[in-house]
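Take a look at the structure below.
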Amino acid sequence: MTRPSQRPGADAHGMSTPTAIAHRGFAGLAPENTLAAARLAAAHGADVIECDVVATAEGDPVVFHDPALDESGESRGITDRTGRVAERGTDYVTGATVLDSGEHVPTFARFIEAIPESVSLNAELKHPGNIDPRYGVPSDDTRVARREAWQPFVDRVLDVLGADAPETLFSSFSQSALEAVRRRETDARLAPLAESVETAFEMAEALGTNTIHPSIASLTTTEASTCLEAYTVNAWTARTWTDARDALRHDVDGLIADYPYLDMSEGEYGTTHHDETN
């Protein structure tokens, strides 16, 4: 895998083209977080493939978004199996079919094998096991304990990546997860995720990183308008060309999207700026 970077050059309007980050492997084109999604995202020109990484009952990293395989609480019920991922064995979880597609939940190891050398990886650390992931910024008195809670899972993720760890971009809604990465890999590339750009700024400062992943909606705040230029900003999640347009109006560096080519539509009513074959 290669290091994520901004796509070179500028479009016909003189604006640089943002890095295309395939959200769960362009989830609008293929069953999310599957091998098919990784391969299809690469085929459609993704610069970076983003995936969610969670732990099974055995602590193995697998690529899945929701806490549970079936519909339960915040989980959407997108597989044919039941139970919380953190309470099911790896063989059971990876035997689950996603969205009746014939595609199964992959191990993290198999997922990264499906990514071509020319495409980078963004691993979002989602759930560390059967413990509360505690998203956001930890208080001073809980900071060490929360990092330690993430550490065993983070170590398993880093072990799977091996020599690819320095080239991987790690993101999470949990500052503690990213602190666990940094504790093991001092030069790790980190990108805090947050609903609000203000929280992203706070996490970035604590982590000593200049890359943030805020929501597109949060880019309109006063603080965002005055501070964004100091950061590499990859905004989420573009599901339509209007989402992409809103993000690009704030000169984001990367677009985390469910579909490819959404960044083509920055002019009025979807005027194309670059060749679709690129």
Side-chain angles (χ1 to χ4, degrees), residues 1-2 4 20-129 153 156-157 159-162 164 168-172 193 236-240 255-262:
M1 289 178 288
T2 59
I21 304 173
H23 183 235
R24 306 177 197 169
F26 286 142
L29 296 184
E32 64 179 54
N33 283 323
T34 62
L35 301 184
R39 292 170 181 143
L40 196 61
H44 280 274
D47 299 306
V48 182
I49 294 175
E50 183 264 3
C51 70
D52 301 295
V53 191
V54 300
T56 66
E58 294 153 346
D60 294 322
V62 296
V63 178
F64 196 67
H65 177 275
D66 296 351
L69 297 166
D70 56 338
E71 187 174 1
S72 174
E74 62 187 273
S75 300
R76 296 160 294 162
I78 65 170
T79 83
D80 60 349
R81 295 197 169 181
T82 62
R84 292 180 60 83
V85 176
E87 296 173 353
R88 294 288 188 261
T90 303
D91 288 345
Y92 183 85
V93 172
T94 57
T97 301
V98 180
L99 294 169
D100 297 320
S101 64
E103 289 288 317
H104 294 89
V105 175
T107 62
F108 184 49
R110 289 199 66 200
F111 189 86
I112 62 178
E113 287 173 357
I115 300 176
E117 287 291 326
S118 59
V119 179
S120 302
L121 173 67
N122 172 195
E124 181 184 340
L125 303 171
K126 202 75 178 176
H127 303 292
F153 173 60
R156 295 288 289 271
V157 170
D159 288 345
V160 170
L161 283 166
D164 286 328
T168 300
L169 180 63
F170 296 93
S171 61
S172 183
L193 274 157
W236 56 274
T237 301
R239 295 186 168 91
T240 66
L255 192 64
I256 303 173
D258 279 347
Y259 296 91
Y261 314 125
L262 292 180

Which of Thr168, Val48, Asp47 passes side chain to side chain contact (heavy atoms under 4.5 Å, CB included) with Asn122? Answer is Val48
Looking at every heavy atom in both Arg81 and Asp91, which two are closest together, and how far apart are they? NH1-O, 4.1 Å
A side-chain contact here means heavy atoms from C-beta on lying under 4.5 Å apart; do Asp164 and Leu121 qualify? no
Among Val98, Thr82, Val85, the one residue meeting side chain to side chain contact (heavy atoms under 4.5 Å, CB included) with Leu69: Val85
Arg76/Glu32 salt bridge by N-O under 4.0 Å criterion: yes
I need the minimum non-hydrogen distance between Val119 and Ala42, along with the two atoms involved. CG2-CB, 4.2 Å
What are the two closest non-hydrogen atoms of Ala41 and Ala22, and how far apart are they? CB-CB, 3.6 Å
Please give me the minimum heavy-atom distance between Leu35 and Glu103, naming the atom from each residue. N-OE1, 3.8 Å
Distance-only, no hydrogens or angles: does the Thr97 side chain make a donor-acceptor pair with backbone N or O of Asp100 under 3.5 Å? no
So, taking the atom named CZ in Arg110 and the one named CD1 in Ile115, what distance separates them when rounded to the nearest 0.5 Å? 13.0 Å
Given side-chain contact (heavy atoms from CB on, under 4.5 Å), test His104 with Thr94 step by step and report yes or no. CA-CA 6 Å; His104 294 89; Thr94 57; 5.8 Å; no
Could you check whether any side-chain heavy atom of Leu262 comes within less than 4.5 Å of a side-chain heavy atom of Thr240, counting everything from C-beta outward? no
Under the criterion side-chain contact (heavy atoms from CB on, under 4.5 Å), I'd like the reasoning laid out for Val93 against Phe64: C-alpha separation, chi angles, the key distance, then a yes or no. CA-CA 10 Å; Val93 172; Phe64 196 67; 5.8 Å; no
For the atom pair NE2 (His23) and CG (Asp52), what is the distance rounded to the nearest 0.5 Å? 6.0 Å
Looking only at non-hydrogen atoms, find the nearest pair between Arg24 and Glu50 and report the distance. N-OE1, 2.8 Å
For a quick test of reading the model, state the closest non-hydrogen atom pair linking Ile49 to Ala38 and the distance between them. CD1-O, 3.3 Å
Other residues, nucleotides and ligands only: do more than 12 of their heavy atoms fall within 6.0 Å of CD on Glu58? yes
List the steps, then state whether side-chain contact (heavy atoms from CB on, under 4.5 Å) holds for Phe108 with Leu161. CA-CA 9 Å; Phe108 184 49; Leu161 283 166; 3.8 Å; yes
So do the side chains of His44 and Tyr259 get within less than 4.5 Å of each other, counting heavy atoms only? no
Might you work through the side-chain contact (heavy atoms from CB on, under 4.5 Å) test for Tyr92 and Thr56, ending with a clear yes or no? CA-CA 9 Å; Tyr92 183 85; Thr56 66; over 6 Å; no
Less than 4.5 Å apart, any side-chain heavy atom of Leu169 and any of Ser120? no
Gap between atom CG of Leu125 and atom OG of Ser172 - 0.5 Å precision: 5.5 Å
About how many Å separate CD of Glu71 and CG of Asp66, when rounded to the nearest 0.5 Å? 10.0 Å
Value rounded to 0.5 Å, distance of CG in Asp70 from CD1 in Ile78: 11.0 Å
